[in-house]
Each structure stands twice: as C-alpha cells, then as structure tokens.
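Just so it is clear, the structure is predicted and the values come from calculations on it, not from any experiment.
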Amino acid sequence: MKTVIINDNERGLLFKNGKFTSLLEPGKYRCFGSTNIEILTLDGEIKSDNCQLETLLADKSLASMAAQVQIADNQIALHFIDGSLHEVLHSGRYAYLAVNKKHEFTLIDTTEPEITPDICKFINRIPTTLYQTVSVAEYEKAKLYYNNKFVRLLDGGIYYFWRGSVQVSADKIDTRLTQITITGQELLTADKVALRVSFVCNYRVLDCIKIVSEVDDFREQIHIAAQLAMRDYVGKRTLDEVLAQKEEMSEYVGAKLCDCARSFYVEISNAGVRDIILPGEIRDIMNTVLLAEKRAQANVITRREEVASTRSLLNTAKLMDENQTLYRLKELEYLEKICEQVGSISINGQGDIISQLSALMKK
C-alpha cells in the first residue's frame, strides 16, 4: 500500500490493472496492488505514460475541463494562456486542463509562409528555428520567391516567413545611383599603340523585376557594352587623337551605353574616361618630347626678353643724347647707387662734392 496526496493545483489519473478508470480531485488516496495514480498539474497538458490522449478524453469529466486542439501536418499552433503566448505547437493532438486559466489556440497554415502583422508582435517569443527573416534596406527592393516562383516585390522593411514546406528566398536590388568602374582595359589604337583605359559610369535600376528575371548579371552586361564601345572608338584613332579627344571619347562611349542600357533596364546618368595609361616606352618618349618643347619655348622667351631689354637700352641712350638734363639725372642716379654701397668717401682739393665725383666718373 502507498499513499498519494493530490494538492489543490493538481488532478490525478487513476489506473487499475493498467487501465484508466477515472479523474481524481484533490485529496489523500491509498493505492493497493495494481492501482496506480498519475498526477497532472492544473492548467498543464493532459498526457499519460500509460495510455493515449484519446483514451483519457473518453472520460466525460476530464473532457469537460479540457481545452483541446488538433493540428494538421502543414500547420502550427500558437498556444495562449490568458492572452499571453505560452508555446508553439506542432502537428498532433493536444489537451490542457482549463480550470483556472483560459487556453486559446491560433492555427497557422505554413503553406502561406508570410507571418501576418498580428502574429509579428509575438515574434520575439517564437523560436527562431521556426521562421526566417528578410531585411530590406530603405534604398533596396527585394523580389520575393516561393519555391523559386516570383510572388511580389518587397519595399524597405523587415519581413518574417515560416519555415515549412514552402521554400522562401529573396533577391535584393539596390535602387540608388551606383557607380561602376571599368579598369585596365587594353586597347589598340590605329597606329598600333596599346593603351590601358579606365572608364567610369553611374547608373540607376529602372525595373527591379525584369532586371533579375530577363538579364543575366546586368553589371557584367554594362561592363561588356562599355568595353566594346571603347574598343570601337580607340581602334579608329591614332594615339595623338585619343589623347587630344578624351571628352569626345567620353561622349561617344556614354552615348553607346545609353542606347543599350534600357535593354538592361537601367538608366545611365553620366559616364566618362577616368585614366589613359601609356606603355612605359611611349611614356618616356612623350616625356622627352615634352621636355624639348618646353626648353624651346623657354629659349624663345629668353631671346624675346633679351631683345626687348636691348631695345629699351637703345631708346634710353638716344633720349640721353638728345637731352642733357636727362643725362645729368642719370648720372646722379648712378652716384646715388654708388654712395649706397660705400661707407665713407674722402675727397682732396677744392670744388663741390658732386663736381668732384662727376670728374672721377669721367676719368
């Protein structure tokens, strides 16, 4: 014999010879022989190690106080106790003692993967293994796919989807003005000089749906279109023409890109040549030519200034020949300069200082 006490917050399941017989209220019970009692927590799940749930619920007294739910294979259920999310249930049949608290169940069909806003407010209480998150930035659009089939376009925000029989995926597209750089393209000019050209263009996506479904890697398509346009332009011109007409090259390549960009569902806002890199030998030759040109220009300027200086001296001499007063003033100017450089001057004899200095100059 053993004694079993059932508290107020508990109920008991009575088994005789392994068979469920009745539900026991709180109290003190003695068990003899093959009699056994299992304890259930009040408002807890109804389950037994000795029999199935269906057998227990066949008892009318137990069934009358049970909150039950049947969950199909493609469903889950949110179990609420007094309005608060308690747990998430998977497929199967469940029953709970509903004596003091209210038990509610929200059935969710996972073949419709998107989690509705009324469920999203409980998302922090749901295990992360049951759902996946798609985060879309404000400047992005995302193409939503169910089992690789396009469903709709997602704007910026955070979206939640159930993990189930339907595979959910999303392709994100940046809708901002974006720059692409085509670097180090080796191009051959008409005079057989190999150049390396870098080109830059800015684009914006026009159709987020078609650009993914109809174009294979639109950035690579823009890259190839720019390469072909640059090769076409450079191949018809000599090195000097290419270097002298960078702006024309930018306009030509930009126009070609704009013509084909709409077939890629993008808009080219601007484009231009960033760098033209010459081979080492050609660069050295051009530097030598440039240095020679600058030296020649410097020589021309030097000769021009010498001629101008000589002409100015000649004009000054003619004026002094024709005007003695001007000649005298020029003498005084030079005397002033001499005096500035001399600490002291000693003069012997008679006469004024200016006359004596003038006489020295004449000698």
Side-chain angles (χ1 to χ4, degrees), residues 45 53 67-81 83-96 103-178 180 203-225 260-268:
E45 184 178 359
L53 178 61
Q68 305 180 44
V69 62
Q70 181 70 46
I71 306 171
D73 288 339
N74 291 325
Q75 291 180 326
I76 60 173
L78 303 183
H79 179 201
F80 294 88
I81 299 179
S84 178
L85 180 62
H86 178 65
E87 60 182 336
V88 180
L89 303 176
H90 297 277
S91 59
R93 187 179 182 185
Y94 301 84
Y96 298 82
H103 292 255
E104 296 176 308
F105 304 93
T106 300
L107 291 175
I108 298 172
D109 186 358
T110 56
T111 58
E112 295 293 334
E114 187 167 2
I115 300 178
T116 55
D118 59 322
I119 302 299
C120 284
K121 59 185 179 182
F122 303 108
I123 200 68
N124 291 333
R125 302 285 305 278
I126 299 174
T128 55
T129 55
L130 297 179
Y131 67 89
Q132 67 184 86
T133 304
V134 175
S135 180
V136 184
E138 184 179 1
Y139 54 84
E140 292 178 327
K141 300 286 186 182
K143 291 184 66 177
L144 178 64
Y145 295 90
Y146 289 168
N147 292 332
N148 295 324
K149 184 177 180 181
F150 174 71
V151 178
R152 64 186 178 92
L153 198 64
L154 300 179
D155 294 321
I158 299 177
Y159 303 85
Y160 302 96
F161 302 89
W162 297 113
R163 297 183 186 272
S165 58
V166 178
Q167 181 184 2
V168 178
S169 59
D171 286 335
K172 298 178 184 179
I173 301 294
D174 193 329
T175 59
R176 296 175 295 179
L177 187 65
T178 308
I180 183 172
Y203 69 89
R204 179 180 282 108
V205 175
L206 296 177
D207 193 323
C208 296
I209 297 177
K210 291 183 178 179
I211 199 170
V212 175
S213 59
E214 298 184 14
V215 180
D216 180 19
D217 194 351
F218 68 93
R219 289 178 61 87
E220 183 64 20
Q221 299 291 346
I222 296 174
H223 193 283
I224 293 173
C260 61
R262 293 196 174 275
S263 63
F264 308 147
Y265 304 103
V266 297
E267 176 187 29
I268 303 296

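- Of all heavy-atom pairs between Glu114 and Phe161, the closest is CA-CD2, 3.5 Å.
- Here the two rings, on Tyr96 and His79, have centers that are under 6.0 Å apart.
- The ring of Tyr203 has its center no closer than 6.0 angstrom to the ring center of Phe264.
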- [ ] Determine, stepwise, if the pair Leu153 / Lys143 fulfils side-chain contact (heavy atoms from CB on, under 4.5 Å).
- [x] CA-CA 5 Å; Leu153 198 64; Lys143 291 184 66 177; 3.8 Å; yes

Task: Leu107 and Val69: CA distance, side-chain angles, deciding distance, side-chain contact (heavy atoms from CB on, under 4.5 Å) verdict - done: CA-CA 9 Å; Leu107 291 175; Val69 62; 4.0 Å; yes

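- A distance of 4.5 Å separates CG in Leu89 from CD1 in Ile71, rounded to the nearest 0.5 Å.
- Tyr131 and Tyr160 have perpendicular rings, their planes meeting at more than 60° on a 0 to 90° scale where under 30° would count as parallel.
- With rounding to the nearest 0.5 angstrom, the CG atom of Asp171 is 12.0 Å from the CD1 atom of Ile209.
- Note that CD1 of Ile76 is 11.0 Å distant from CG of Asn74, once rounded to the nearest 0.5 Å.
- When side chains are defined from C-beta on, Ser84 counts as touching Arg125, because their heavy atoms get closer than 4.5 Å.
- Contact annotation: the side chain of Leu130 approaches that of His90 to within less than 4.5 Å [non-hydrogen atoms, C-beta and beyond].
- Summarising the geometry, atom CD1 belonging to Ile211 is positioned 10.0 Å from atom CD belonging to Gln221; distances are rounded to the nearest 0.5 Å.
- In this structure, the side chains of Arg219 and Thr178 come closer than 4.5 Å at one or more pairs of heavy atoms.
- Minimum heavy-atom separation, Arg163 to Thr129: CD-O, 3.2 Å.
- The minimum heavy-atom distance linking Glu140 with Ser135 is given by the pair OE1-O, 4.5 Å.
- Applying the 6.0 Å contact sphere to CG of Asp216 captures no more than 12 heavy atoms from other residues, nucleotides or ligands.
- Taking all atoms of both residues into account, the shortest heavy-atom contact from Trp162 to Ile108 is NE1-CG2, 3.3 Å.
- The line from CD1 of Ile119 to CD1 of Ile126 is 6.5 Å long, rounded to the nearest 0.5 Å.
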- [ ] Quick one: do Arg204 and Val266 satisfy side-chain contact (heavy atoms from CB on, under 4.5 Å)? Show the steps, please.
- [x] CA-CA 6 Å; Arg204 179 180 282 108; Val266 297; over 6 Å; no

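- Nearest approach of Val215 to Tyr265, heavy atoms of both residues: CG2-CD1, 3.8 Å.
- Heavy atoms of other residues, nucleotides or ligands lying less than 6.0 angstrom from CG of Asp118 number more than 12.
- Panel note: side chain Asn147, backbone Gln167; a donor-acceptor pair is recorded below 3.5 Å.
- The two residues Leu78 and Leu85 make their nearest non-hydrogen contact at CB-CD1, 3.8 Å.
- Surrounding CZ of Arg262 are at most 12 heavy atoms belonging to other residues, nucleotides or ligands under 6.0 Å away.
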- [ ] Begin from the C-alpha positions of Thr133 and Ile158 and carry the test side-chain contact (heavy atoms from CB on, under 4.5 Å) through to its verdict.
- [x] CA-CA 7 Å; Thr133 304; Ile158 299 177; 3.6 Å; yes

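- Rounding to the nearest 0.5 Å places NZ of Lys172 at 10.0 Å from CG of Leu154.
- Between Val168 and Leu144, the closest side-chain pair of non-hydrogen atoms falls below 4.5 Å.
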